[in-house]
Amino acid sequence: MKHLFKTLIRIIGIILLIVAGFLGYVTLGKYKPGKIEALAIHAPTLKSNNAAKEVYNLLTWNIGYAGLGKEMDFFYEGGKMVRPSSALSQQYFKNILNEIKGADTADFIFLQEVDKAAKRTFYRNEVQAVQDKLNDYYSVFAVNYDVPFVPVPITQPMGRVKAGQMTLSKMAPDSAKRYALPGSYGWPKRLFLLDRCFILTQFTLPSGKRLSLINLHNSAFSDAVQARQQELVILKRLMVDLYRQGQYVIAGGDWNQN
């Protein structure tokens, strides 16, 4: 019995060391964005016509990383599946690209949940694919989910995730910035969830008037109510400030309010 007890203690010790090592690895590798960061602006390979207009069109769409079609039974929402098959994932994404391309009369496009390198989308670079498909748009990309390994569900872990939001525009932005939003979870849970943010992209219209666009993806799920309220306060404060400067201001995206 004494020998068995010692063996059990050793096994438990090894398990705890593995867990501690894993948490240390994820903590060190965790994405740590600044409060406000400048974003790189990707220029189009084709030039679009930017004549002065009276009306501008904006499309906003959370594409669900091309992994949440009607066939999916997602585990985070009470289902059993982590990702669709590779063939189905490819078909979802192809249809999304065609849908966006078919709406290319939009002057501005907000996208959320665009994967750059993730196991759940078979490591497909969706950011690059969108840029290639809409090659007459300027684009910016902001990371809001960058985790080296998501360990849930235990039987089929999500693994590597790098994803974010994109803002695309027919006219060249003057600037683009990532604004970090406060987190809603404590350690260690926050290690494996999104680092929420919004993208502020600013333009000078042909009329000389300034336009500020805010692409957002607010906190989700019932345990993030307080975070959602904080996000709205931050957003409102910025919008009112820009508006008082005489700018046009539009905020859109996935509000996650319902």
Side-chain angles (χ1 to χ4, degrees), residues 33-34 36-66 93-117 121 124-146 162-181 195-217 235 238-239 242-243 245-254:
I36 302 175
E37 295 183 342
L39 297 174
I41 299 171
H42 177 82
T45 55
L46 294 177
K47 296 295 182 182
S48 59
N49 181 15
N50 285 323
K53 302 172 69 173
E54 292 293 325
V55 177
Y56 290 88
N57 301 303
L58 190 151
L59 166 70
T60 179
W61 188 9
N62 183 336
I63 66 170
Y65 58 88
F93 190 55
K94 178 182 177 182
N95 292 344
I96 287 169
L97 287 178
N98 289 338
E99 189 76 17
I100 297 171
K101 185 64 176 177
D104 66 359
T105 54
D107 300 287
F108 308 101
I109 299 174
F110 292 170
L111 300 178
Q112 301 87 39
E113 292 197 45
V114 187
D115 276 11
K116 193 167 188 179
T121 41
R124 178 175 57 238
N125 189 337
E126 296 179 343
V127 175
Q128 184 66 56
V130 169
Q131 290 171 342
D132 291 344
K133 191 74 170 181
L134 298 177
N135 59 355
D136 57 343
Y137 282 80
Y138 292 86
S139 68
V140 297
F141 173 73
V143 174
N144 69 1
Y145 201 6
D146 189 356
K162 186 173 185 179
Q165 299 156 224
M166 291 185 76
T167 296
L168 300 105
S169 60
K170 286 288 182 74
M171 68 177 69
D174 297 329
S175 64
K177 295 177 181 177
R178 181 196 191 279
Y179 280 69
L181 292 169
D195 295 286
R196 300 284 179 177
C197 71
F198 61 79
I199 299 172
L200 171 64
T201 316
Q202 297 183 295
F203 304 84
T204 301
L205 300 176
S207 64
K209 193 81 170 181
R210 294 273 287 167
L211 170 65
S212 286
L213 298 181
I214 299 172
N215 176 356
L216 56 89
H217 186 190
L235 182 66
L238 177 63
M239 292 182 72
L242 293 169
Y243 181 71
Q245 294 174 28
Q247 298 191 35
Y248 296 120
V249 187
I250 301 173
D254 187 350

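None of the values given here were measured: they were computed from a predicted structure. What you see below is based on every heavy atom in this structure, not just the backbone, and it leaves out hydrogens, waters and symmetry mates.
- Remark: the backbone N or O of N57 is paired with a side-chain donor or acceptor of D107 at under 3.5 angstrom.
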- prompt: Do M239 and I214 pass the side chain to side chain contact (heavy atoms under 4.5 Å, CB included) test, and can you show the C-alpha distance, the side-chain angles, and the key distance before you say yes or no?
  reply: CA-CA 9 Å; M239 292 182 72; I214 299 172; 3.8 Å; yes
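- For the pair R124 and F93, the cation sits on the ring face: its NZ or CZ lies under 6.0 Å from the ring centre, inside 45° of the axis.
- In this structure, the side chain of Q112 engages the main chain of N62 through a donor-acceptor pair within 3.5 Å.
- For the pair L213/L58, a side-chain contact is recorded, criterion being any heavy-atom separation below 4.5 Å from C-beta on.
- Under the 3.5 Å distance criterion, the side-chain polar atoms of Q165 are matched with a main-chain donor or acceptor of N215.
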task: Start with the C-alpha distance between T167 and I109, add both sets of side-chain angles, then the distance that settles side chain to side chain contact (heavy atoms under 4.5 Å, CB included), and finish with yes or no.
output: CA-CA 6 Å; T167 296; I109 299 174; over 6 Å; no
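- Shown here for F203 and S169, the closest heavy-atom pair between the two residues is CE2-OG, 3.4 Å.
- At a threshold of 4.5 Å between non-hydrogen side-chain atoms, the residues E113 and H217 count as touching.
- By the 4.5 Å heavy-atom criterion applied to side chains, L242 and R210 are not counted as neighbours.
- Between M166 and L168 the shortest side-chain heavy-atom distance falls below 4.5 Å.
- Annotation: the span from C197 atom SG to L181 atom CG amounts to 7.0 Å, rounded to 0.5 Å.
- Here E99 pairs with W61 under the side chain to side chain contact (heavy atoms under 4.5 Å, CB included) rule; sequence neighbours left out.
- In plain terms, the two heavy atoms of A180 and G34 that are nearest each other are CB-O, 3.5 Å.
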- request: Dump the intermediate steps for side chain to side chain contact (heavy atoms under 4.5 Å, CB included) on I100 and L111, then the final yes or no.
  value: CA-CA 10 Å; I100 297 171; L111 300 178; 4.0 Å; yes
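- Between F141 and L39, the shortest heavy-atom contact is O-CD2, 3.6 Å.
- Judged by the 6.0 Å distance and 45° axis criteria, K162 is not positioned over the aromatic ring of Y145.
- Note: T201 OG1 to L211 CG = 9.5 Å, rounded to the nearest 0.5 Å.
- A donor-acceptor pair is defined here as one N or O able to donate and one able to accept, closer than 3.5 Å; no such pair exists between the side chain of D254 and the backbone of L216.
- Between K133 and N98 there is a side-chain heavy-atom pair separated by less than 4.5 Å.
- Salt-bridge check for D104 with K170: failed, with every basic side-chain N at 4.0 Å or more from each acidic carboxylate O.
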message: Assess the residue pair Y137 and Q131 against the criterion (side chain to side chain contact (heavy atoms under 4.5 Å, CB included)); give the C-alpha distance rounded to whole Å, side-chain angles, the decisive distance to 0.1 Å, and a yes or no.
response: CA-CA 8 Å; Y137 282 80; Q131 290 171 342; over 6 Å; no
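- Ring orientation note: the planes of Y179 and F198 are close to parallel, at an angle under 30° on the 30°/60° scale.
- Within the model, atoms NZ of K116 and OG1 of T121 stand 13.0 Å from one another, a figure rounded to the nearest 0.5 Å.
- With rounding to the nearest 0.5 angstrom, the OG atom of S175 is 7.0 Å from the CD1 atom of I41.
- Summarising the local packing, NZ of K101 is surrounded by more than 12 heavy atoms from other residues, nucleotides or ligands at distances under 6.0 Å.
- In this structure, A163 and D115 approach most closely via the heavy-atom pair CB-OD1, 3.1 Å.
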- request: Take D174 and Q202 through the side chain to side chain donor-acceptor pair (under 3.5 Å) test and state the conclusion after the steps.
  value: CA-CA 6 Å; D174 297 329; Q202 297 183 295; over 6 Å; no
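- Side chains of N135 and P44 form no contact here, defined as non-hydrogen atoms less than 4.5 Å apart.
- Across every non-hydrogen atom of S212 and L200, the tightest pair is CB-CD1, 3.9 Å.
- Between E126 and I63, the shortest heavy-atom distance links the atoms OE1-CD1, 4.2 Å.
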